[in-house]
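First comes the structure, then the notes that go with it.
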Amino acid sequence: MTEKRTAVVIDDDRLLSEAFAMALMLAGFEVTTINDPREAMAHIRATAPTLITLDMEMPRINGAALLREIRADADLRASKVIVISASSQSISDGAFDEADMVLMKPVTVGQVMDMARRLAG
Amino acid sequence: MIPRPPSGRLDDLDRDQLLATVRRLLAEADALSSRIAAVNEISIAINRDLDLDEILRVVAKQAKWLLDFDHLSVCLRADTGLWTVKGLFGPALVGDERDRLGTAVLRALEKQQPQVVRQPDPAAASDRYLADYPSQLIFPLMADRVVLGTINFASKAPGLYTNDDARIAYMVALQLASALRNAATLRELQQTRDALADRAAELETLNQELDAYGHTIAHDLKSPLSSILLRSEMLPMIAPEFVNDRTRVVINGISESARRMATMIEQLLALAKVRNVSENAVSVDLRGAAFNALMRFTHLTEQEAVVVEVVQPMPRVMGHAQFVEEVLANLIGNAIKYMGKDRPTRTVTVRARTLDDGFVRCEVQDTGIGIAPEDRARLFQMFSRLHTVTADGLGLGLSIVLRIVKRLGGQVGVESEPGVGSTFWFTLPAAPDSPTAPVPALGEAAAGLPPLESVTVNLSPAVALPVVIPENTPA
């Protein structure tokens with residue numbers, strides 16, 4: 001596990017996903033970024049990554065729907081899902097209950113490192 | 001009158017004559033009471049009803065008890081602004097009779113004086129309206145010296161109307177005029193109310209759009225901001241050789257600016273959200289809200305070496321947990337941030353008690369530098385900030401507190417002694433269920449946390465869902 005930790009960053013904001021990817025690389029992950037949520041499931045199924053970071057507020061496919069789909073897949077049971085959200089409202093709505101962790105934007109490097117250590121260490 | 005007997009004695013009165021007189025008097029009394037009843041009916045209808053058609057219907061019905069007529073109509077201003085006759089009794093008006101007024105009606109409108117017609121008027125020979133009625137009582141309907149129209153009684157019998165009849169017509173006209181004025185006032189009120197309701201709905205829509213707009217903007221700013229923050233923080237890690245004393249100032253400046261912007265965005269979002277504080281308040285555990293609020297400042301309490309104590313037990317209040325927490329977070333956050341350097345004691349105390357008036361008073365007391373009296377007044381104003389140098393954000397924090405507490409039916413205030421500390425307080429309605437409920441809101445893990453010198457966010461699975469909140473939360 002510690003040898004090859006993989007992460008998939010799903011965020012429609014290209015620059016932010018790039019920044020996340022850099023932070024996760026610093027934390028020792030091999031990272032893929034996906035900006036079009038419609039491509040996400042296929043890639044996740046193919047690679048079964050250690051860690052998935054999922055932006056909640058995306059166009060076309062919303063993060064909550066993707067989260068449900070990931071959780072419904074028995075083959076992905078080992079994957080940890082970190083939800084990244086800009087709105088605390090969705091937390092109280094219970095939209096993220098299935099997530100392993102929730103980070104609120106803006107996210108700091110410290111949080112990313114800490115998260116990586118806790119969930120995939 | 002009863003004829004006086006020649007003898008002057010009551011016993012000598014003719015019995016038949018006496019009976020006839022009594023019967024006549026009774027009949028007169030009867031007729032009079034009918035008239036009184038009719039007038040009474042009209043005034044009841046007028047007082048009870050503000051619908052014009054209903055008033056006119058009652059007037060038409062009861063007028064039969066008051067006066068003889070073959071025709072009864074009113075002349076009123078139509079929506080078009082033209083005088084229009086509305087028939088209430090008698091043969092229906094035909095064709096342009098409704099729009100062409102007779103001579104007497106025109107005179108009554110013009111001179112604002114009653115017109116009593118006892119015989120055919122040569123001037124009215126070419127009239128079409130009321131041409132067949134030699135007897136007419138045309139009375140203007142006056143309200144506040146403005147003529148609203150006329151009421152028109154007419155009969156085919158010449159010389160019918162006496163001065164008494166004219167007096168009765170005058171009374172009816174007075175009553176009708178006042179009813180018309182009331183009906184018009186009501187109509188105006190309704191129109192004004194409808195216009196106001198339309199305007200309110202418009203403003204509400206506009207406000208919602210504005211809120212949604214503000215929310216979207218603030219929301220969308222968070223992604224690029226996260227990117228800036230992450231990149232500026234990562235730079236020294238990725239390229240340590242790039243970091244020296246001069247570049248460090250630049251990099252830290254970028255991070256600091258981004259963090260301040262994050263705080264501003266949070267404040268703007270919070271302010272927009274306050275509009276959603278609904279009427280349906282529920283019982284909220286104040287202690288739970290205080291703990292949740294405190295969790296936002298774990299980092300800050302450590303950094304500032306401030307001890308925060310939550311005095312237990314705490315009563316329950318009526319409100320919304322999310323907003324009560326926001327209020328407490330603002331007050332606790334301010335207390336920590338503005339503690340000031342070199343204070344001998346660095347303590348923030350949160351306590352609450354139920355007052356006699358059914359409200360709960362919650363206090364956040366600090367041992368900070370205090371606030372000068374002249375500064376206290378503008379504390380709760382939007383965008384006003386006392387500590388320009390050290391503060392984050394837009395200075396919206398206390399105005400958010402004020403908005404929330406007011407919406408939930410409470411009050412806010414501050415007591416302060418410069419050099420000793422400040423106590424910010426707010427009141428909220430006490431929850432009826434339990435005055436001092438020791439219900440744990442954070443689960444056993446949080447309930448076990450004694451005096452809160454530092455609350456750490458517990459990430460073990462025992463706690464529902466760990467949520468990491470941005471370090472800079474709304475002030």
Side-chain angles (χ1 to χ4, degrees), chain A residues 9 11-28 33 35 53 55-59 63 67 80-119 121, chain B residues 215-240 251 255 257-266 269-270 272-273 276 292 296 299 320-323 325-326 329 457-461 463-474:
Chain A
V9 174
D11 197 314
D12 62 302
D13 188 309
R14 188 181 56 80
L15 287 168
L16 181 55
S17 62
E18 196 181 278
F20 268 135
M22 286 161 71
L24 286 170
M25 282 176 206
L26 284 177
T33 60
N35 298 129
T53 76
D55 182 28
M56 266 299 121
E57 296 91 10
M58 286 187 295
L67 179 58
K80 302 288 185 188
V81 181
I82 286 83
V83 154
I84 316 254
S85 174
S87 159
S88 55
Q89 184 57 45
S90 335
I91 298 178
S92 31
D93 292 349
F96 311 154
D97 287 358
E98 294 280 294
D100 291 287
M101 189 185 257
V102 179
L103 289 181
M104 300 298 295
K105 284 183 199 169
V107 180
T108 64
V109 176
Q111 287 172 350
V112 174
M113 302 289 231
D114 187 51
M115 166 197 88
R117 201 184 63 239
R118 280 170 192 282
L119 293 179
Chain B
H215 189 267
T216 306
I217 288 180
H219 211 261
D220 289 355
L221 286 174
K222 283 186 173 181
S223 286
L225 190 65
S226 290
S227 178
I228 295 173
L229 210 50
L230 282 171
R231 283 160 200 270
S232 63
E233 284 175 334
M234 277 186 292
L235 191 52
M237 304 182 194
I238 293 169
I251 296 166
S255 300
S257 300
R259 268 196 289 271
R260 283 186 57 187
M261 190 168 157
T263 306
M264 291 178 195
I265 291 171
E266 287 300 333
L269 285 172
K273 224 165 52 178
N276 300 333
N292 283 344
R296 302 190 194 181
H299 181 74
H320 298 276
Q322 164 195 10
F323 290 110
E325 185 188 319
E326 194 65 35
V457 182
N458 193 336
L459 292 173
S460 75
V463 174
L465 184 69
V467 175
V468 182
I469 308 276
E471 287 166 12
N472 285 285
T473 24

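Residue numbers start from 1 in every chain, and the chains themselves are labelled A, B, ... in the order their sequence lines are given, proteins ahead of strands.
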Say you draw a straight line from [atom1] of [X] to [atom2] of [Y]; how long is it, rounded to the nearest 0.5 Å?
{"X": "A/Met22", "Y": "B/Ile238", "atom1": "CE", "atom2": "CD1", "value": "3.5 Å"}
{"X": "A/Ile84", "Y": "B/Ser226", "atom1": "CD1", "atom2": "OG", "value": "8.0 Å"}
{"X": "B/Ser227", "Y": "A/Arg14", "atom1": "OG", "atom2": "CZ", "value": "9.0 Å"}
{"X": "A/Glu18", "Y": "B/Leu230", "atom1": "CD", "atom2": "CG", "value": "11.5 Å"}

Test log, rule side chain to side chain contact (heavy atoms under 4.5 Å, CB included), inputs A/Val107 and B/Leu229: CA-CA 8 Å; A/Val107 180; B/Leu229 210 50; over 6 Å; no
4.5 Å side-chain heavy-atom contact, B/Pro224 and A/Leu16: no
Residue pair B/Arg231 / A/Leu15, side-chain heavy-atom distance below 4.5 Å: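 The answer is yes, as the side chains (C-beta and beyond) meet within the 4.5 Å cut-off.
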Contact winner vs chain B - A/Val109, A/Asp55, A/Asp13, heavy-atom pairs under 4.5 Å: A/Val109
Minimum heavy-atom distance between B/Met237 and A/Leu26, given as atom pair plus value: SD-CD1, 3.7 Å
Donor-acceptor contact present, side-chain A/Lys105 to main-chain B/Ser223, <3.5 Å: no
